[in-house]
Number of protein chains: 2
Amino acid sequence: MDVVREFLRGAVPAHVLHHAAGQEVYGAWMAEELAHHGYRISPGTLYPLLHRMETAGLLTSREHVVDGRVRRVYTATETGRDTLAQLRTVVAEVAGEVLVHDE
Amino acid sequence: MDVVREFLRGAVPAHVLHHAAGQEVYGAWMAEELAHHGYRISPGTLYPLLHRMETAGLLTSREHVVDGRVRRVYTATETGRDTLAQLRTVVAEVAGEVLVHDE
DNA sequence: CCTGCGATGTCGGATCACGATATCAGCGCC
DNA sequence: GGCGCTGATATCGTGATCCGACATCGCAGG
């Protein structure tokens with residue numbers, strides 16, 4: 001029942017979209033990036049998430065070969081960028097609601 | 001795969017703690033309050049959540065009788081307020097990371 | 001009575017998180 | 001050539017969670 005972890009888990013897609021809107025990203029890179037921000041997400045969570053986001057039309061992927069190794073590279077779709085915009089307003093709202101310190 | 005909904009679901013405990021730190025709250029009131037902020041949370045999610053948060057030591061509850069009807073009323077514990085503080089910094093961090101608008 | 005209301009609680013099926021494990025292709029090295 | 005290492009993605013099984021529908025409970029009014 002780690003509520004902080006739960007909150008971060010919910011924020012992962014926002015983070016993914018944020019990065020995938022500006023550049024091409026791939027799973028292992030995202031995992032490392034997220035880890036630097038205090039997220040602890042396991043591959044068994046991240047990869048299925050990327051798949052779902054692609055099936056949902058938020059991301060597109062193509063295979064990129066680096067040193068013979070296949071790397072699945074994602075970018076945000078138009079829908080993905082729209083969703084990111086919604087997400088940003090929602091994040092701002094939540095921040096506004098929770099960050100008020102007058103009890 | 002509604003990422004906005006997923007994000008909000010992760011933010012619910014923060015919202016609950018935020019309110020339960022300042023006053024006594026109860027399930028149905030929280031549900032309405034959350035609904036006003038765009039959350040759509042079903043009782044089958046909210047009540048078990050409150051129970052888990054109490055078992056985790058974030059909330060304490062007592063029964064309050066109004067018109068003979070029993071109402072379970074929650075307040076944040078010391079641990080709950082500490083967690084809320086952590087949550088606030090995390091929310092601020094996420095907002096800072098995601099709210100940069102240079103695409 | 002019996003129905004309605006406010007509020008809490010719980011059921012079953014579906015979805016999801018997670019860590020461990022599998023897979024795959026090239027590289028270095030002996 | 002055989003062996004293990006590395007980077008990266010994929011998947012399995014178990015356990016936890018979500019959710020809406022339904023159940024409950026006590027009282028008020030007709």
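Numbered from 1 within each chain, the chains take letters A, B, ... in sequence-line order.
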Count I, L, V, M, F, W, Y as connected when their side-chain heavy atoms are under 4.5 Å apart, and connections chain through other members. Are V73(A) and V66(A) then in the same cluster? no
Could you see if L46(A) belongs to whatever hydrophobic cluster contains V70(A)? Use Ile, Leu, Val, Met, Phe, Trp, Tyr and a side-chain cutoff under 4.5 Å. no
Chain A footprint on DNA chain D, 5' to 3' - any atom under 4.0 Å from a heavy atom: dT6(D) to dT11(D)
Rounded to whole Å, the CH2-P distance (W29(B) to dA7(C)) equals 13 Å
Atom-pair distance (CE on M53(A); P on dT15(C)), nearest Å: 19 Å
Round to a whole Å and report the spacing from CG of L46(B) to P of dG9(C). 10 Å
Please determine whether side chain to side chain donor-acceptor pair (under 3.5 Å) holds for the pair Q23(B) and H19(B), giving the CA-CA distance in whole Å, both sets of side-chain angles, and the decisive distance to 0.1 Å. CA-CA 6 Å; Q23(B) 52 186 305; H19(B) 283 106; 5.2 Å; no
Calculate the interatomic distance between L59(B) atom CG and dT8(C) atom P; express it in whole Å. 13 Å
Over all atoms of both residues, closest heavy-atom pair of L59(A) and A76(A): CD2-CA, 3.9 Å
Exactly one of E24(A), R72(A), H51(A) should register a side chain to side chain donor-acceptor pair (under 3.5 Å) with S61(A). Which one does? R72(A)
With the 4.5 Å side-chain cut-off for hydrophobic clustering, are M1(B) and Y39(B) part of the same group? yes
Looking at dG9(C), I'd like to know if its phosphate oxygens (OP1 or OP2) sit under 4.0 Å from a side-chain N or O belonging to Y47(B). no
Could you go step by step and tell me if T83(B) and L17(B) meet the side-chain contact (heavy atoms from CB on, under 4.5 Å) rule? CA-CA 8 Å; T83(B) 307; L17(B) 281 175; 4.2 Å; yes
Intermediate values then yes/no, side chain to side chain donor-acceptor pair (under 3.5 Å), H37(A) and E97(B): CA-CA 9 Å; H37(A) 284 288; E97(B) 293 158 12; 2.9 Å; yes
L50(B) has an atom CG; how far is it from atom C1' of dT10(C), in whole Å? 15 Å
d(NE2, H51(A); P, dA17(C)) in whole Å: 13 Å
Could you check how far CE of M30(B) sits from C1' of dA7(C), rounded to whole Å? 15 Å
Per-nucleotide protein contact along nucleotides 18-26 of chain C, 5' to 3', at a 4.0 Å heavy-atom cut-off (B base, S sugar-phosphate only, - neither), is BBB----SS
Whole angstroms only, please: what is the OH-P distance between Y74(B) and dA7(C)? 14 Å
Mind listing the closest non-hydrogen atom pair of M30(B) and V16(B) along with its distance? CE-CG2, 3.9 Å
